[in-house]
Number of protein chains: 2
Amino acid sequence: MLKAKTKNEFKDYLLAQGLKSTSQRELILEEFLRAGSHLSTEELYLRLRKKQPRIGYATVHRTLKLFSECGIAERRHFGDGQARYEACARDEHHDHLICVDCGKIVEFEDPRIEKLQDEVACSNGFAIERHRLELYGHCQDCRSK
Amino acid sequence: MLKAKTKNEFKDYLLAQGLKSTSQRELILEEFLRAGSHLSTEELYLRLRKKQPRIGYATVHRTLKLFSECGIAERRHFGDGQARYEACARDEHHDHLICVDCGKIVEFEDPRIEKLQDEVACSNGFAIERHRLELYGHCQDCRSK
DNA sequence: GCTCCGTTGAAAATGAATTTCAATTTAATC
DNA sequence: GATTAAATTGAAATTCATTTTCAACGGAGC
């Protein structure tokens, strides 16, 4: 199962860095994987509080940072002022469609676009490391309301 | 001249909104147009202070907000934690190449990419309003160092 | 000039992200 | 299981950019 694999990955990372495995870290990873993507620190914190009211915001924040350091999560900004974290499968990449009305986020990937990006970068003398593509608009549901 | 046109545009906008034309607003627009794009509030504020030491940060901030309301400037985030404003020619659009080493920002546009974006959005039921495409990498200069 | 009302600038407030620090917990070692 | 060194936790404080407040000021119509 994917989640179990990710959990092991995380433990390995902690071990390798001389960091410790704690009940909070396990709980946060568990909930992060369960909750689905694009959560803000605040949102994850509130969800966690329901299960473990004594957990601290700082711990959630630090643990999410750990996740992104070890490649389990990626930090993103979609323009509402909060950072959001999404679980990332290794070696995969996708971009986002964001509904400006309801906030829905849809993931997509398109190799043709990626190819053109490389082309453009190359002709400007750049070697691309990463990119960000976000399409903002109105989703089907919101348009038919 | 383009700058003069933009200045008139701004005055018209102020008039239309029942807002006032002030020496600060003129000065800020002047310097904004002179300074070239992708400035943060802080950077523009510091430049302005050299010419008019009594100008306030809040005024610069509010005026930049005005610019983006009336279509003279666009607000962007490139991931360094500060908003940046760029002068925008009407009906034009471009994307950005950002060097992760030296911070250089290069603008580009590619209709082929735009077309594919529309395609993707459409097939997901979205009507695009705007998009953001940023390519992060290493520029020629930084790679040859 | 007078008056109304928008603007300014300094300071305070906000909001998210991050850091501090004393108390606690982990995990390696005895 | 006890000891110990080092990492972690959570509450509170801090930081940093952004935004708002408010009293003094200034623009524009009368």
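Just so it is clear, the model here is predicted, and its values are computed rather than measured.
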Worksheet item: Looking only at side-chain N and O atoms, does A:H61 come under 4.0 Å of OP1 or OP2 in C:dT18?
Response: yes
Discussion item. Quick one: does any side-chain atom of A:N124 pair with a main-chain N or O of A:F126 as donor and acceptor, under 3.5 Å?
Written reply: no
Worksheet item: Does any non-hydrogen side-chain atom of A:L19 lie less than 4.5 Å from one of A:R25?
Response: yes
Worksheet entry | Below 4.0 Å: OP1/OP2 of C:dT25 and any side-chain N or O of A:T22 | no
Worksheet item: C:dT7 C1' sits how many Å from B:Y13 OH, rounded?
Response: 15 Å
Practice prompt. Using a 4.0 Å heavy-atom cut-off across all strands, classify B:R62 as base, sugar-phosphate, or nothing.
Written response: base
Worksheet item: Among the nucleotides C:dT19, D:dA7, C:dT7, which one has an atom lying closest to any side-chain atom of B:K20?
Response: C:dT7
Worksheet item: Just how far, in rounded Å, is P of D:dT18 from CG of B:L44?
Response: 12 Å
Worksheet item: At under 4.0 Å between heavy atoms, what does A:S23 touch on the DNA or RNA strands: base, sugar-phosphate, or nothing?
Response: nothing
Practice prompt. Would you indicate whether the side-chain heavy atoms of B:E114 and B:D95 approach each other to under 4.5 Å?
Written response: yes
Practice prompt. To the nearest Å, give me how far apart CD (A:Q52) and P (D:dT9) are.
Written response: 12 Å
Worksheet item: When we call it a touch if two heavy atoms are under 4.0 Å apart, what does A:S21 touch: a base, just sugar-phosphate, or nothing?
Response: sugar-phosphate
Worksheet item: For D:dA7, does OP1 or OP2 lie under 4.0 Å from any side-chain N or O of A:R25?
Response: no
Practice prompt. Show your working on salt bridge (Lys or Arg N to Asp or Glu O under 4.0 Å) between B:E30 and B:K7 and close with a plain yes or no.
Written response: CA-CA 8 Å; B:E30 180 98 21; B:K7 285 181 196 172; 2.9 Å; yes
Worksheet item: With no hydrogens and no angle check, is any side-chain donor or acceptor of B:R76 less than 3.5 Å from a backbone partner on B:R132?
Response: no
Practice prompt. Determine: side-chain N/O of A:Q24 to OP1/OP2 of D:dG10, distance under 4.0 Å, yes or no.
Written response: yes
Item to complete: Return the value, rounded to whole Å, for the distance between atom OH of B:Y45 and atom P of C:dT8.
Response: 14 Å
Worksheet item: Can you tell me how far P of D:dG10 sits from CZ of A:R49, to the nearest Å?
Response: 11 Å
Discussion item. Are the side chains of A:I28 and A:F67 in contact, using a 4.5 Å heavy-atom criterion?
Written reply: yes
Worksheet item: For A:L14 and C:dA28, what is the distance between atoms CG and P respectively, to the nearest whole Å?
Response: 13 Å
Response to the item:
A:R54 CZ to D:dA12 P, in whole Å, measures 11 Å
Worksheet entry | Criterion side chain to side chain contact (heavy atoms under 4.5 Å, CB included) on A:H138 and A:V100, from CA distance to verdict | CA-CA 6 Å; A:H138 307 277; A:V100 295; 3.5 Å; yes
Worksheet item: Between atom CD in A:E69 and atom P in C:dT18, what is the gap in whole Å?
Response: 11 Å
What N/O pairs connect the protein and nucleotides 15-17 of chain D at under 3.5 Å? Give each pair on its own line.
none

